[in-house]
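Taking it in order: structure first as structure tokens, then the write-up.
Each residue takes its place number in the sequence, starting with 1. Just so we're clear, the structure is a prediction, and the values are computed from it rather than from any experiment.
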Amino acid sequence: MWYNMQDGRRVQVIERDLSEPHRIVGELLQPGGYLKLIELGLEDCVEEIDAQQVFGYALFKDGKHTQLSYPLEKFHSDVSGRSFHNGRFIQRMREKSASLPNVHLEQGTVASLLEEKGIIRGVQYKTKDGRELTAFASLTIVCDGCFSNLRRSLCNPKVDIPSSFVGLVLENCHLPYSNHGHAILADPSPILFYPISSTETRCLVDVPGQKVPSIANGEMANYLKTIVAPQVPPEIYDSFVAAVDKGNIRTMPNRSMPAAPHPTPGALLMGDAFNMRHPLTGGGMTVALSDIVVLRDLLRPLHDLNDAPMLCKYLESFYTLRKPVASTINTLAGALYKVFCASPDQARKEMRQACFDYLSLGGVFSAGPISLLSGLNPRPLSLVLHFFAVAIYSLCRLLLPFPSPKRIWIGARLISGASGIIFPIIKAEGVRQMFFPATVPAYYRAPPTVK
């Protein structure tokens, strides 16, 4: 809710738990997200928490590897990705918001939204000491995370859980590429490594499906040692096994949910309560911070938020204005996850290998996709062009120099499979808002005039 705190509005922030959170995601901020942090005047929130600069990715597959650098040449040297302990970052933002005189930050559990004649007037909540209170507001921002119990009346939640992350922390591990995220295209699905402090490296092992091996009976440790460990780079192997032996293994379901809002007077959904994507590409915080910048700019010219129906109609433009950044990152996350997962299907194998080889070509072939992933180039059309460029690149490799009936058949299934991956994601994001936002009437909605 820090989006408009510095504009002098009175803001009450109710957090379920004000102690430092310990999460295994939300630890990587892409360069595009860092630029939004600067826009919001919050860049100092990544200082004094031992955050690490991130300059790109290293991609590994079948013993081969390639380096993908963020295109940061046009930016100040301070601009890069940042990786850190999520809880430290959250605490810094809480300290920053609580330091403002017009902000009241308190611990409490919101039980329900207060509705009166179809308008949200505030919330009912229980304080830390058990008192049940009511808080009234002209505009209630609901951002209660991926497990939101308040979103049902404000959107149409269609949550998909394609996989889970298994999280470990490796100590004093020297990654093959310093200050880079590492993605291993393993079987059955990707493994991620990136630094979260000067001495710690986060490992996230993706496990497809909704069930993961049991931690309690030792199945998980056995899975990590026998299936995962042999696939990590040799430089990381000993640190990885040591982290498994140490324990402290944590899991988290990976949720995906398209933004499908029900515009409601008096309330607005934000963050993971509103829109989620697979965390493979680390784009969640970039989308959230971009949304906050869009909303701040929309609210800035308003002096009075009390006309809830008029404000609701005006804020419909938020859902269109957020699309370039949000839809690009959402679509890329969903498409890359499906391409990067191993498959017995020969067409999917070809697509996966072609994606790795395409990115390894360097130049525009790596700079284009990595600028999309980093949030520096929020252009949905550019994403679609690169995605199908990979498919066509794979098709050409299949058919040249001499196409056979079998290769033609695999090529046809490859193009069909590529379309089956990306088009449903685009449909869920909204074709018109994603590619032709200027044709949406709300795009031009002006601030309501003061009566």
> Do you see a donor-acceptor pair shorter than 3.5 Å between the side chains of D160 and S256?
Replying inline: no
> What do the steps show when you test L224 against L168 for side chain to side chain contact (heavy atoms under 4.5 Å, CB included), and what is the final call?
Replying inline: CA-CA 10 Å; L224 294 173; L168 297 163; 4.2 Å; yes
>> Is it the case that atom CZ in F75 sees more than 12 heavy atoms from other parts of the structure closer than 6.0 Å?
In response: yes
> Side chains of I329 and T286: closer than 4.5 Å at any heavy-atom pair?
Replying inline: yes
> Does any donor atom in the side chain of Y337 or N254 lie under 3.5 Å from an acceptor atom in the other side chain?
Replying inline: no
> Would you call E106 and K128 a salt bridge, using N to O less than 4.0 angstrom?
Replying inline: no
>> If only side-chain N and O atoms count, and only distance matters, is there a donor-acceptor pair under 3.5 Å linking S112 with Q124?
In response: yes
>> Within the 3.5 Å criterion, strictly below it, is a donor on Q433 or T320 matched to an acceptor on the partner's side chain?
In response: yes
> Between the side chains of Y125 and Q12, does any donor sit under 3.5 Å from an acceptor?
Replying inline: yes
> Just checking, is any N or O donor in the side chain of H278 or S163 under 3.5 Å from an acceptor N or O on the other one?
Replying inline: yes
> Judged by modelled atom types alone, do Y177 and Q67 share a side-chain donor-acceptor pair under 3.5 Å?
Replying inline: no
> For residues Q91 and R94, is any side-chain donor paired with an opposing acceptor at under 3.5 Å?
Replying inline: yes
>> Is there a side-chain contact between V390 and L359 in this structure, where contact means two heavy atoms from C-beta onward sitting under 4.5 Å apart?
In response: no
> So do the side chains of I141 and L295 get within less than 4.5 Å of each other, counting heavy atoms only?
Replying inline: yes
>> Under the ring-ring contact (aromatic ring centres under 6.0 Å, His included) definition, can you give me all pairs with a residue in residues 83-124, not counting sequence neighbours?
In response: F84-F89
> Going by an N to O cut-off under 4.0 Å, is there a salt bridge joining K225 and D245?
Replying inline: yes
>> Please check if the number of heavy atoms outside N248 that lie under 6.0 Å from its CG is greater than 12.
In response: no
>> One thing to verify: whether R16 and D144 come together as a salt bridge, which I'm taking to mean a side-chain N less than 4.0 angstrom from a carboxylate O.
In response: no
> Between the side chains of Q231 and D187, does any donor sit under 3.5 Å from an acceptor?
Replying inline: no
> Any chance OH of Y223 has more than 12 other-residue heavy atoms, nucleotides or ligands included, within less than 6.0 Å?
Replying inline: yes
> Atom OG in S374, atom OH in Y70: separation rounded to 0.5 Å?
Replying inline: 6.5 Å
>> Counting the benzene-type ring for Trp, do H180 and Y57 have ring centres under 6.0 Å apart?
In response: no
> Just by distance, with hydrogens left out, do N172 and T199 show a side-chain donor and acceptor under 3.5 Å apart?
Replying inline: no
> Is the NZ or CZ atom of R445 positioned over Y314's six-membered ring, under 6.0 angstrom from the centre and within 45° of the axis?
Replying inline: no
